[in-house]
2 protein chains.
Amino acid sequence: MTKKSPARTPRITIREVASDAGVSVAAVSKVLRDAYGVSDALRAKVQASMDKLNYRPLASARGLRGRTYTLGLVFPDLRNPFFADIFVGVNAALERTQYQAMQGVSVSASSLVEAMIDRQMDGLVLIGPNETNERLNDIADRIPLVAIGHHDLKEARFDTVNNDDQLGARLAVRHLCQNGHKKVAMLSLAAPVSTVINQRELGYRLEMTEQGLGAAINIVRAPQVLRDVQLTVRRLLESRDRPDAIFCWTDLMAFEAISVATELELSIPQDIAIVGYDNTVFCEFAQNRLTSIDQSGEVLGLQATRLLIERIDGRSQSEHFVVTPRVVARASSAKVG
Amino acid sequence: MTKKSPARTPRITIREVASDAGVSVAAVSKVLRDAYGVSDALRAKVQASMDKLNYRPLASARGLRGRTYTLGLVFPDLRNPFFADIFVGVNAALERTQYQAMQGVSVSASSLVEAMIDRQMDGLVLIGPNETNERLNDIADRIPLVAIGHHDLKEARFDTVNNDDQLGARLAVRHLCQNGHKKVAMLSLAAPVSTVINQRELGYRLEMTEQGLGAAINIVRAPQVLRDVQLTVRRLLESRDRPDAIFCWTDLMAFEAISVATELELSIPQDIAIVGYDNTVFCEFAQNRLTSIDQSGEVLGLQATRLLIERIDGRSQSEHFVVTPRVVARASSAKVG
DNA sequence: GCAAAAATGTAGAACGCTACACGTAGAACA
DNA sequence: TGTTCTACGTGTAGCGTTCTACATTTTTGC
């Protein structure tokens with residue numbers, strides 16, 4: 001089955017570095033790990049040899065005894081450009097460390113997480129995980145874990161990084177109300193993909209009530225499939241008592257809402273105002289001009305990575321970092337009347 | 001520096017499986033690798049033990065002797081949803097294999113590739129690599145390699161998967177001409193990110209000439225930065241002899257072009273027609289309605305993965321797979337006049 | 001100046017797996 | 001009957017690191 005592959009030049013090993021520098025293998029390892037008990041002279045000598053031979057430690061071998069200096073990022077999907085922001089933050093945090101991030105994508109994180117554990121990741125960042133608290137705790141028992149976008153914190157044995165989704169939703173509703181929109185509907189997701197949705201729906205409900213619009217509360221849930229979202233929005237916009245604003249749980253959905261509204265020749269924001277969530281780069285485009293809630297993905301990624309490395313280094317008490325979201329107002333929700 | 005981490009339950013090893021099944025470690029390894037010389041009875045016994053103990057082989061340990069069953073994907077950027085299509089194809093190809101894909105993102109693949117080699121990836125798929133043929137050959141000498149979106153094939157020691165970018169560009173121009181647009185400009189990238197650009201520019205030139213529009217050839221190059229693209233497009237659209245169509249090298253750029261045109265209150269396609277490349281999901285939206293060239297990312301990903309696994313299994317002669325692109329016409333390039 | 005403590009370096013046993021080299025038993029062949 | 005194959009299992013030496021335990025040297029304290 002497996003034929004012989006063409007011979008490849010063998011790698012430089014720690015042994016060769018040691019012999020080149022005239023020291024022991026253990027000494028080189030110490031330098032590598034920045035461990036205790038290394039004189040400046042030794043370090044310099046070893047560094048010189050490593051540079052000269054262009055030595056790079058092999059992660060698998062390191063992993064067998066210690067760590068691999070690899071972090072796993074688990075994304076729920078690659079389509080949403082918001083995740084790119086998170087990634088930028090992760091990379092910023094990794095700068096000047098030995099760590100490297102590897103991403104995986106999966107709808108149900110389960111099997112991917114196992115695969116990452118098999119591959120000796122030193123720690124995991126789960127983004128918007130569709131998992132119960134219990135399941136996450138199980139994972140955390142096996143590998144240092146940080147979750148971005150998970151709000152169920154009872155006895156969490158892992159760290160979390162979130163924006164305040166409840167507040168974000170409230171800000172969206174408040175902003176719409178301030179601009180004269182009353183019948184604010186919310187476009188949400190049918191399958192509760194994560195606890196994030198619950199928080200946003202809750203925030204929406206609370207703020208609507210607080211604004212005295214309790215009677216207008218209207219949460220419409222669409223499946224994640226493109227076609228179905230459009231159908232759902234169309235039904236909403238063609239309904240007898242059409243809302244005058246939609247708060248969409250994600251920019252991506254908001255763009256679809258804009259699309260349907262455009263097709264129905266409704267004008268935005270006069271006939272229907274729209275607010276999204278994530279403040280993706282696409283919001284800026286003139287054809288969208290989408291008001292959105294910014295949760296600074298970059299900060300989320302940066303903090304999550306920071307916490308993860310701390311955890312790998314031994315911290316066992318959980319920490320929970322929260323970012324305050326803010327409204328970025330654009331034309332799609334401008335004042336009317 | 002490194003504190004003691006909380007004790008984690010130790011992993012099940014191949015030794016425990018062997019002892020549970022009452023066979024040798026070597027036998028278990030054979031079953032694991034589907035190697036020659038295993039009776040059905042033995043296999044069944046071992047499988048049962050593995051299932052019972054919930055055994056999972058450790059990739060690092062495997063990597064030290066054989067392969068890790070991990071493939072590395074190198075993306076140039078995460079923002080472009082086109083890459084998500086490629087990823088879908090990759091995963092389809094990996095179904096029912098032991099392999100798992102890990103992604104990394106980097107503008108200059110260099111250091112990421114090194115990191116992936118350090119981490120014992122069995123092979124690499126480089127997507128739209130900004131690298132010379134020579135450099136890619138160097139990498140291919142060290143690890144099985146497939147490039148998606150690389151056209152410089154002289155003596156390539158790796159496989160490539162491409163759509164016919166030259167043809168794609170020709171189709172775009174031809175389509176625009178057929179719909180009555182004459183002064184077709186091309187919006188390209190300032191820094192030649194990959195050989196893909198050259199091919200598309202070449203196709204544009206050739207087809208323009210063939211259509212008798214050689215005099216109207218106009219390639220405008222913008223840096224990859226958002227703000228600069230908008231500036232470049234604005235300058236183009238406000239110029240004395242404004243083109244009546246723009247062929248954009250990427251959907252993402254096309255959306256920006258639409259944005260600027262909208263701001264300038266030009267109507268699409270009457271004042272300016274626009275065609276993109278990649279046929280991203282966003283093209284479908286009513287606010288974009290973007291005509292685009294489809295290069296079926298899913299097929300690209302699938303084929304690349306297939307080729308890579310073949311190569312890991314020992315093939316050393318290069319193969320080059322080409323997908324034929326097609327025009328997906330939408331309103332942004334409709335017939336005028 | 002001498003003991004104790006601190007600093008610096010080394011040897012060598014793992015880590016979990018693969019793959020080579022072999023051993024054995026039964027089948028096929030002459 | 002003996003001989004050669006083939007199929008199936010096993011023993012074990014690494015793969016390239018880390019890390020504990022220990023040996024040696026230097027510094028410190030008095």
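Sequence lines set the chain letters: A, B, ... in the order given, protein chains first and strands last, and positions in each chain run from 1.
- At the heavy-atom level, Val25(B) lies under 4.0 Å from base atoms of the strands shown.
- By the 4.0 Å N-to-carboxylate-O rule, Asp20(B) lies too far from Arg15(B) to be salt-bridged with it.
- The nearest heavy atom of DNA chain D to Asp40(B) and to Leu32(A) marks one nucleotide each, and the one closer to the 5' end goes with Asp40(B).
- Taking atom NZ on Lys30(A) and atom P on dT20(D), their separation rounds to 11 Å, with Å as the unit.
- Among the nucleotides dA7(C), dG16(C), dT17(D), the one closest to any side-chain atom of Ala61(B) is dG16(C).
- Judged purely by distance below 3.5 Å, without hydrogens or angles, the side chains of Arg157(B) and Ser316(B) never pair a donor atom with an acceptor atom.
- In this structure, the CD atom of Gln120(A) is 12 Å from the C1' atom of dT17(D), given to the nearest Å.
- In the helix from dG1(C)-dC30(D) to dA30(C)-dT1(D), the rotation axis of the first five pairs and that of the last five pairs differ in direction by 20°, rounded to 10 degrees.
- In this structure, of dC15(C), dC17(C), dG9(C), it is dC15(C) that holds the atom nearest to the side chain of Leu64(A).
- With DNA chain C read from its 5' end, the first of the two nearest nucleotides for Leu42(A) and Tyr69(B) is the one closest to Leu42(A).
- Base engagement by Ser29(B) is indicated by at least one non-hydrogen atom pair under 4.0 Å involving a base atom.
- There is a side-chain donor-acceptor pair under 3.5 Å between Arg119(A) and Thr70(B).
- At a threshold of 4.0 angstrom between heavy atoms, the contacts of Arg15(A) include nucleobase atoms, whether or not backbone atoms are also involved.
- Between Glu114(A) and Arg135(A) there is a salt bridge, with a side-chain nitrogen of the basic residue lying less than 4.0 Å from a carboxylate oxygen of the acidic one.
- The phosphate of dG16(D) (OP1 or OP2) has no side-chain N or O of Thr13(A) nearer than 4.0 angstrom.
- For the 3.5 Å distance criterion, the side chains of Arg33(B) and Tyr69(B) fail to qualify, holding no donor opposite an acceptor.
- Residue Arg33(A) places its side chain closer to dC19(D) than to any other of dT17(D), dC19(D), dT10(D).
- Rounding to whole angstrom units, OH of residue Tyr55(B) and C1' of dG16(C) are separated by 7 Å.
- With Ser318(A) contributing its side chain and Ala156(A) its backbone, the two residues share a donor-acceptor pair below 3.5 Å.
- For Ser60(B), no side-chain nitrogen or oxygen approaches OP1 or OP2 of dG16(C) to under 4.0 Å.
- Distance alone, capped at 3.5 Å, is enough to place a donor-acceptor pair between the Ser24(B) side chain and the Ala27(B) backbone.
- If Arg62(B) and Ala26(A) are placed on DNA chain C by their nearest nucleotide, the residue sitting closer to the 5' end is Ala26(A).
- Remark: Tyr36(A) is not in phosphate contact with dT8(C), judged by side-chain N or O atoms under 4.0 Å from OP1 or OP2.
- Nucleotide dC15(D) holds its C1' atom 9 Å from the CG atom of Leu58(A), rounded to whole Å.
- Atom CD1 of Ile14(A) is separated from atom C1' of dT10(C) by 13 Å (rounded to the nearest Å).
- Contact of Arg65(A) with dA14(C) (side chain to base): a donor-acceptor pair of N or O atoms is detected under 3.5 Å.
- As rounded to whole Å, 13 Å separates atom C1' of dG16(C) from atom CG of Asp118(A).
- Donor-acceptor pairing under 3.5 Å is lacking for the side chains of His150(A) and Thr160(A).
- For Met50(B) and dG16(C), the CE to P distance is 17 Å, given to the nearest whole Å.
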